[in-house]
Protein chains: 2
Amino acid sequence: MTMADADKTRLALLDAAYEEIYRNGFQSASLNTILQRTGVTKGALYHHFSSKLKLGYTVVDEIISHKLDEDWLTPMQRTGHPINILIEVIQQAGQKMTREEIQLGCPLNNLAQEMSPIDPGFRQRIDLLYRQWHQGIERLLIDGQQSGAVRSTVNPADTALFILASIEGCLGIAKNSQSIDELKRCAEGLFGYLETLRS
Amino acid sequence: MTMADADKTRLALLDAAYEEIYRNGFQSASLNTILQRTGVTKGALYHHFSSKLKLGYTVVDEIISHKLDEDWLTPMQRTGHPINILIEVIQQAGQKMTREEIQLGCPLNNLAQEMSPIDPGFRQRIDLLYRQWHQGIERLLIDGQQSGAVRSTVNPADTALFILASIEGCLGIAKNSQSIDELKRCAEGLFGYLETLRS
DNA sequence: TCACATACATACTGGTTGGTATGTTTTGAT
DNA sequence: ATCAAAACATACCAACCAGTATGTATGTGA
């Protein structure tokens, strides 16, 4: 067994754990289910992760963090009109979502709502990712102000916070209604707000 | 033992169940904890509620529904400038929240995010409350358009949906950051948006 | 006062949970 | 070839879970 094989089982565990947590929440996620799905034994799991909590932490640090980069942070680094970039990134993220993903919601927000009140370890890790997300939006607004594309009266930090809240809010509403149409209508409201930020 | 006594234990169970669910989510809510806190026995609980699921449903139908009326629907029925009413109701709801409640989030949204993907019974009941909430906001916007206080170009239904999403989004962000200041800054963003709706 | 339903109370069950103790195999450096 | 550490595998455990079976006390209408 090479070290690459060991790493493969570790990643398989993380992938399965992410799925299980995404579908059931962390507290209701079953280690036995994760083991069944991967074919890994309990001994192997506890060799790689010292507890269920550590497994959950690593899912945030590695899997969810990577998805945030891929779907939001990297796309937001494009050059162009900041408001247009923001709208396009949101639209692309929305179109990328399957019906099932709309129903399951935002993995980061799910964990935040469930775990932040009851576990500081989760809260801090989630907070770090939210800060990165927030910073990405804030940077777009600051750049937009410097290029004259965004009204100079808007507070970049506060506005970025509200945009982030609205994105999660729209996803949350659509999650409960289980309706793609409602997600689109909600996003239209968000786009309407973003338009008011232009100079 | 009078019928009033029986109703008292039923309500005690509902109150304790609400608290337990609010703090831990439905799936992780422990019936034994609810029984300990109330001093009620398991036989009594299952006399009043045929299952944990039915207990949870009743918490939504009676406790959470009542809180929605009290904190949002009734205050929104005041007369005056619709946008002002909306801002005031949001501010009052925010000020009413304790530090702990900010940390625990919106009871309705918590349940929606946890249960809507995995149980249709919860989903439908939560959806009903969200529709009432949405309708209350929509009505304010329609009234505002008729009185000339709100721009005629805004779509009341879509805008109400986005406002609702933003409220829940702001509460969700504040829940994770556990910061009253961040809740206020996020709400300021929302108020800024609401201002753009005026004629 | 009798009959019956309501409103509990107690003790228990099967299943699942995260976690552990103890073994075995594999790997890689010496 | 040897040896220690890494990478598993198996079997087990106590605690907890929702739910149930059975019994009892109490109120209420006939």
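A, B, ... follow the sequence lines: proteins, then strands. Residue 1 opens every chain. Side chains included, hydrogens not; waters and symmetry mates left out as well; all remaining heavy atoms used.
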S.K.: Is it the case that B:Asn109 and B:Gln113 place a side-chain donor and acceptor less than 3.5 Å from each other?
M.R.: yes
S.K.: Please report, rounded to the nearest Å, how far the C1' atom of D:dC12 is from the OH atom of A:Tyr46.
M.R.: 14 Å
S.K.: Between A:Leu45 (CG) and C:dT20 (C1'), how many Å, whole number?
M.R.: 13 Å
S.K.: Starting from C1' on C:dG23, measure out to NZ on A:Lys42 and report it in whole angstrom.
M.R.: 17 Å
S.K.: Answer yes or no on whether B:Lys54 is positioned over the face of B:Tyr46, meaning its NZ or CZ is under 6.0 Å from the six-membered ring centre and within 45° of the axis.
M.R.: no
S.K.: What is the separation between atom NZ on A:Lys54 and atom C1' on C:dG19, rounded to the nearest whole Å?
M.R.: 14 Å
S.K.: Under a 4.0 Å N-O cut-off, is there an ion pair linking A:Glu19 with A:Arg23?
M.R.: yes
S.K.: Among residues 30-38 of chain B, which residues get a heavy atom nearer than 4.0 Å to DNA chain C?
M.R.: none
S.K.: Distance from B:Ile163 atom CD1 to B:Glu168 atom CD, nearest 0.5 Å?
M.R.: 13.5 Å
S.K.: Quick check for you: to the nearest 0.5 Å, what is the distance between A:Lys8 atom NZ and A:Asp15 atom CG?
M.R.: 12.0 Å
S.K.: Hey, is the side chain of B:Thr9 poking within less than 4.0 Å of OP1 or OP2 on C:dA7, counting only N and O atoms?
M.R.: no
S.K.: Are the charged groups of A:Arg185 and A:Asp181 less than 4.0 angstrom apart, N to O?
M.R.: yes
S.K.: Does anything in residues 13-29 of chain B come within less than 4.0 Å of DNA chain C? Heavy atoms only, and list the residues if so.
M.R.: none
S.K.: Donor-acceptor pair under 3.5 Å: do we get one between B:Lys52's side chain and the base of D:dG19?
M.R.: no
S.K.: Are A:Glu62 and A:Arg10 close enough for a salt bridge, meaning some N to O gap below 4.0 Å?
M.R.: yes
S.K.: With a cut-off of less than 4.0 Å, is there a side-chain N or O of B:His48 near OP1 or OP2 of C:dC8?
M.R.: yes
S.K.: Roughly how many Å is it from CG in B:Leu55 to P in D:dG19, rounded to a whole number?
M.R.: 10 Å
S.K.: Which is more 5' along DNA chain C, the nucleotide nearest B:Thr41 or the one nearest A:Leu53? Just name the residue.
M.R.: B:Thr41
S.K.: Got a sec, which pairs hit ring pair (Phe, Tyr, Trp, His ring centres under 6.0 Å) with one end in residues 127-172 of chain B, sequence neighbours left out?
M.R.: B:Trp72-B:Trp133, B:Phe162-B:Tyr193
S.K.: Side chains of B:Gln27 and A:Gln27: do they bring a donor and an acceptor to under 3.5 Å?
M.R.: no
S.K.: Would you say a side-chain N or O of B:His47 is under 4.0 Å from OP1 or OP2 of C:dA9?
M.R.: no
S.K.: May I ask you to verify if any side-chain N or O of A:Ser51 is less than 4.0 angstrom from the OP1 or OP2 atom of C:dG18?
M.R.: no
